Amino acid sequence: MAAHIATAMKPKNNNSNSNNNSNCCSNGYSSDVSNGSDNNSPSPPPSPPKPRLTPSLSQCRRRLRSKTKSFVRRENLGSGLNFRRNLRYLLLLPLLYISGLLMCVGPFSGFWGYASVPGSVYRSYENFQRLWDDIRLDNSSALQLSSVWKYKRRVKVQKPCSNSTARNHFSMYRTSIMESPGSSGYLIVDANGGLNQQRSAMCLVLTIRVHIWFCYAHICNAVAVAGLLNAILVIPRFELNSVWRDPSQFGDIYDEEHFINNLKGYVNVVRELPEALMEIYDQNISNIPNFRVQAWATVNYYLGVVLPILRDQRVIRIAPFANRLTMNVPSHIQLLRCITNYKALKFSPPISSLAEKLVSRMIERSSMTGGKYVSVHLRFEQDMVAFSCCVYEGGEAEKLKMDSFREQEWKGKFKRKDGVIVPALNRIEGKCPLTPVEVGLMLRGMGFDNNTSIYIASGKIYQAEKHLAPLREMFPLLYTKESLATPDELAPFEGHSSKLAALDYTVSLFSEVFVTTQGGNFPQFLMGHRRFLFNGHSKTIKPDKRKLVVLLQDMDISWKAFKDEMEVMLAESDRKGMMVPRVKKFNRKTSIYTYPLPECACLQGSNNSTFRLTEGANVLNSHHESTR
């Protein structure tokens with residue numbers, strides 16, 4: 001018995017013994033084989049141990065939980081380490097990108113010897129000189145202005161806006177938001193000042209301190225807010241702007257009587273604030289308490305926050321008012337924007353009269369192209385060149401001049417320590433204003449020949465004689481408001497930038513092709529107005545400037561290759577020009593001033609729509625009909 005026990009407890013020193021005894025040991029029995037033992041009498045086997053039972057469900061769960069926790073800890077640790085590594089890379093990559101750009105296109109590029117990034121250097125005039133012989137001889141495939149736009153939108157028969165239905169809707173809406181008849185409150189929107197009271201509950205006063213195109217948006221939004229809050233709108237009073245230096249008032253730019261009459265039944269409009277009300281605030285609208293409305297405020301915000309305070313205090317002044325109303329408003333409020341923009345706002349008789357003459361003269365000078373012409377919004381004035389911080393061909397002398405101009409106009413804005421100006425990077429990203437020669441190369445590349453009449457909508461061009469010369473070589477029929485109008489005709493407009501811009505706006509509005517070169521409010525409103533007039537197509541060339549600057553820097557590109565690229569760019573402008581965004585209820589993501597359809601469609605072609613600039617005008621209306 002002792003021998004058996006000793007044998008069972010003996011440690012296994014070799015693999016053979018381990019293998020020989022594996023079966024018995026695996027069954028829980030000790031071996032009965034003893035080395036050197038001749039005792040054959042078997043001894044009774046010890047009692048077998050309890051067999052290993054299958055683990056219970058709770059044990060399995062505990063083991064699973066422990067393994068899961070261990071796995072999660074390992075995963076969390078690993079993911080944490082990976083996140084930290086990735087975060088380092090994410091922080092490092094922008095620094096590498098910026099430093100690379102600074103080295104490649106910044107002031108250190110010459111020191112490090114890197115080649116310039118394509119599109120970062122202005123070489124457009126050099127390319128013009130190199131390609132001029134090919135351009136001059138290339139009139140074989142002239143583009144007909146009547147067939148520029150290939151995409152046609154299927155014209156749907158629109159039901160005219162029902163004035164009676166719309167006005168009844170506003171009447172019921174006013175009744176629904178009124179707590180008691182005869183109550184009054186006054187709302188001042190400090191994009192301007194002036195206040196009055198009539199039969200409705202509240203009054204709306206505007207003080208617009210912005211240029212004409214900001215005024216467009218503010219006036220339309222102010223009318224919309226007036227309709228939303230059941231307010232009386234007082235004719236806006238413009239204040240002298242320190243940038244535009246234009247003393248023009250609302251009546252100098254827009255036809256007040258036309259504005260008031262066309263909003264009747266929707267929003268009540270009056271010219272002046274009652275003297276009794278002004279006396280309460282010492283003849284100073286600024287003394288009226290100011291209420292700050294959040295940007296892009298919703299309808300619910302106005303009805304839930306602004307309206308109760310307006311009822312309680314009777315007067316509120318909102319300042320500032322820029323972008324203080326969302327694009328997503330009820331259909332009857334959206335219609336107010338449409339009516340204001342395309343029906344109520346009409347330029348004053350002096351502007352309309354001269355604008356009609358300019359359009360007529362452009363049509364006469366475009367006889368070789370069937371009375372059709374191209375308008376170009378050229379933003380190459382000195383202030384735009386300076387503000388863009390872009391470098392052209394003027395060298396060190398131009399740089400010093402622009403630096404001095406920037407300091408004079410913007411007082412250290414461009415010398416902040418946190419601002420790094422990289423002109424080449426601005427050019428690569430398409431932020432530089434196109435020069436006249438670049439516009440000419442682009443248009444000739446698209447197929448417009450030297451018989452095409454071009455109208456330049458612009459302020460005073462920077463170094464005009466120098467920069468307009470190559471454009472005039474490519475397009476001899478080049479016109480501006482100064483060349484179309486006589487000095488006596490323009491004399492009343494001098495010193496009034498808004499009036500001059502209104503002339504450019506009108507002539508551009510009725511062109512067959514409009515070219516935008518730098519963005520801004522002027523082209524955005526104009527594109528929307530053209531979409532409204534021309535069945536949803538803006539008929540606008542909006543160049544891909546990032547692509548264009550690369551092509552214009554390429555000193556090896558052939559004229560044919562450049563033309564091929566420009567034809568593709570024109571086709572893309574054609575395709576995008578007739579796009580209409582999908583607008584679901586309360587889900588508009590684009591500006592109704594740039595994309596007026598479908599909400600403004602009921603005004604198109606109806607008797608409600610005011611296409612003419614004055615009641616007796618026929619030339620613009622007939623021109624519009626001929627271009628449809």
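Hydrogens, waters and symmetry mates are skipped; everything else that's a heavy atom, side chains included, is used. The shown structure was predicted, so the numbers you read here are calculated from the model rather than taken from an experiment. FYI, the numbering just counts along the sequence from 1.
Phe522 places none of its side-chain heavy atoms less than 4.5 Å from the side chain of Thr516. Proximity of Val376 to Leu443: side-chain heavy atoms (C-beta onward) are separated by under 4.5 Å at one or more points. In this structure the side chain of Tyr302 never reaches within 4.5 angstrom of the side chain of Val329, judged on heavy atoms. Side-chain contact between Phe380 and Ile456 is absent, with no heavy-atom pair separated by less than 4.5 Å. Side-chain contact check for Asn341 versus Pro596: every heavy-atom pair is 4.5 Å or farther apart. No side-chain heavy atom of Pro433 sits under 4.5 Å from any side-chain heavy atom of Thr517. Residues Phe347 and Leu503 are not in side-chain contact: their nearest non-hydrogen atoms beyond the backbone lie 4.5 Å or more apart. Residues Leu354 and Leu490 meet the side-chain proximity criterion, which asks for heavy atoms closer than 4.5 Å.
Without hydrogens or angle criteria, Ser375 side chain to Tyr455 main chain gives no donor-acceptor distance under 3.5 Å. With Glu381 contributing its side chain and Gly459 its backbone, the two residues share a donor-acceptor pair below 3.5 Å. A donor-acceptor pair under 3.5 Å links the side-chain atoms of His258 to the main chain of Lys343, judged by distance alone. Put simply, the side chain of Ser483 gets close to the backbone of Thr480: a donor and an acceptor are under 3.5 Å apart. A distance-only check finds a donor-acceptor pair linking the side chain of Ser458 to the backbone of Leu378 [under 3.5 Å]. Within the 3.5 Å criterion, the main-chain N or O of Trp296 finds no donor-acceptor partner in the side chain of Asn323. Checked by atom type and distance alone, the side chain of Thr298 pairs as donor or acceptor with a backbone atom of Tyr301 at under 3.5 Å. The main-chain N or O of Ala502 is found under 3.5 Å from a side-chain atom of Thr506 such that the two form a donor-acceptor pair. Here the side chain of Arg531 pairs a donor or acceptor atom with the backbone of Thr594 at under 3.5 angstrom. Side chain of Thr326 to main chain of Asn328: a donor-acceptor pair is present (N/O by atom type, distance under 3.5 Å, no hydrogens or angles).
Checked options Tyr593, Phe525, Tyr342; the residue passing with Phe532 is Tyr342 (criterion: ring-ring contact (aromatic ring centres under 6.0 Å, His included)). Between Arg530 and the choices Ser538, Ser508, Ser511, the side-chain hydrogen bond (donor to acceptor under 3.5 Å, both in side chains) rule is met once, by Ser511.
Of the charged side-chain nitrogens involved, none lies within less than 4.0 Å of a carboxylate oxygen, so that Glu257 and Lys346 do not count as a salt-bridged pair. Checked for salt-bridge contact, Arg588 and Glu599 meet the test: a charged N lies under 4.0 Å from a carboxylate O. The pair Arg361-Glu364 fails the salt-bridge criterion, with no side-chain N (NZ, NE, NH1 or NH2) lying under 4.0 Å from an Asp/Glu carboxylate O.
The structure places CD1 of Ile351 at 11.5 Å from CG of Leu358, a figure rounded to the nearest 0.5 Å. Between the NE2 atom of His529 and the OH atom of Tyr505 there is a distance of 5.0 Å, given to the nearest 0.5 Å. Interatomic distance, Lys539 NZ to Glu512 CD, rounded to the nearest 0.5 Å: 4.0 Å. Remark: Tyr462 OH to Met384 CE distance equals 14.0 Å, nearest 0.5 Å. Atom CZ of Arg365 is separated from atom OH of Tyr479 by 6.0 Å, given to the nearest 0.5 angstrom. One distance of note links NE2 of His377 with CD1 of Ile541; it measures 15.5 Å at 0.5 Å rounding.
Leu603 and Ile339 get closest at one heavy-atom pair: CD1-N, 3.9 Å. When all heavy atoms of Leu325 and Ala224 are compared, the closest pair comes out as CD2-CB, 3.7 Å. In terms of heavy atoms, Ser348 sits closest to Asp252 at OG-O, 3.0 Å.
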Exercise. Going through the checks in order, is the side chain to side chain donor-acceptor pair (under 3.5 Å) test met by Ser146 and Gln144?
Worked result: CA-CA 5 Å; Ser146 58; Gln144 299 297 320; 5.1 Å; no

